[in-house]
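Heads up: the structure comes next, in structure tokens.
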Amino acid sequence: MKDILNKTIETIKNNKKKIKKVTLIAVAIVIIGSGIVAGTIYSYARSNINYSEKQLEEIAIKKIPGEVINVKKELEFEDATFEYTFQIKDKENILQEITVSSKSGAITDIEINGHDLDDNPM
């Protein structure tokens, strides 16, 4: 067993440059491949946009009347779609968040004061 370990260490020492080169090439391939996959998902998600941000805001305001304070656009990798999260200050001055799908126009999440509506039914 000790002989095998010593031979392996010797082989690594003798082939250090080759090992570094192969490792760098492998890392580069992984990075480039990841970029290609992410770019493909992003492009597909852009083609899935059926509702504009303004239309999604109207959907959100119909559900939660109030003033839009902030909007976040996020890529949802599972469905390859964009989701918009609108922070809305309602008439009682309570901050609510509503997330709407740009593909379907469906409301996918509602939070009131940071609490998911599904977790704490009102």
Q: Under 4.5 Å between side-chain heavy atoms, chaining through other members, with only Ile, Leu, Val, Met, Phe, Trp and Tyr counted: pull out the rest of the cluster around Ile9, sorted by chain and number.
A: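 Under the 4.5 Å side-chain rule, Ile9 groups with Leu5.
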Q. What are the two closest non-hydrogen atoms of Val100 and Ala60, and how far apart are they?
A.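 Scanning both residues, the minimum pair turns out to be CG2-CB, 4.4 Å.
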Q: Considering non-hydrogen atoms only, spot the tightest contact between Ser104 and Ser101 and give its length.
A: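 Where Ser104 meets Ser101 most closely, the heavy atoms are N-OG, 3.3 Å.
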Quick one: side chains of residues 17-41, donor-acceptor pairs under 3.5 Å with protein atoms, not counting sequence neighbours, listed by atom name and distance.
{"unit_1": "Thr23", "atom_1": "OG1", "unit_2": "Ile19", "atom_2": "O", "d": "2.7"}
{"unit_1": "Ser34", "atom_1": "OG", "unit_2": "Val30", "atom_2": "O", "d": "2.9"}
{"unit_1": "Thr40", "atom_1": "OG1", "unit_2": "Ile36", "atom_2": "O", "d": "2.8"}

Q: For Glu83, enumerate each residue passing the side-chain hydrogen bond (donor to acceptor under 3.5 Å, both in side chains) test, keeping only those at least two apart in sequence or located in another chain.
A: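 By the side-chain hydrogen bond (donor to acceptor under 3.5 Å, both in side chains) rule, Glu83 matches Thr108.
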Any chance you could measure [X], atom [atom1], to [Y], atom [atom2], to the nearest 0.5 Å?
X      : Y     : atom1 : atom2 : value
Lys72  : Tyr84 : NZ    : OH    : 14.0 Å
Asp3   : Glu10 : CG    : CD    : 12.5 Å
Ile107 : Lys63 : CD1   : NZ    : 5.5 Å
Lys73  : Leu56 : NZ    : CG    : 10.5 Å
Ile112 : Ile64 : CD1   : CD1   : 6.5 Å

Q | Any residue meeting side-chain contact (heavy atoms from CB on, under 4.5 Å) with Ser47, in chain and number order, not counting sequence neighbours | A |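 For Ser47, the residues satisfying side-chain contact (heavy atoms from CB on, under 4.5 Å) (neighbours in sequence not counted) are Tyr44.
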Q: Could you tell me which residues satisfy ring-ring contact (aromatic ring centres under 6.0 Å, His included) with Tyr51, sequence neighbours excluded, listed by chain and number?
A: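 With sequence neighbours excluded, Tyr51 shows a ring-ring contact (aromatic ring centres under 6.0 Å, His included) to no residue whatsoever.
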Can you give the donor-acceptor pairs under 3.5 Å from side chains of residues 85-97 to other protein atoms, not counting sequence neighbours?
{"unit_1": "Thr85", "atom_1": "OG1", "unit_2": "Thr99", "atom_2": "OG1", "d": "3.0"}
{"unit_1": "Gln87", "atom_1": "NE2", "unit_2": "Glu97", "atom_2": "OE2", "d": "2.8"}
{"unit_1": "Asp90", "atom_1": "OD1", "unit_2": "Glu92", "atom_2": "N", "d": "3.0"}
{"unit_1": "Asp90", "atom_1": "OD1", "unit_2": "Asn93", "atom_2": "N", "d": "3.1"}
{"unit_1": "Asp90", "atom_1": "OD1", "unit_2": "Ile94", "atom_2": "N", "d": "2.8"}
{"unit_1": "Asp90", "atom_1": "OD2", "unit_2": "Gln96", "atom_2": "NE2", "d": "2.6"}

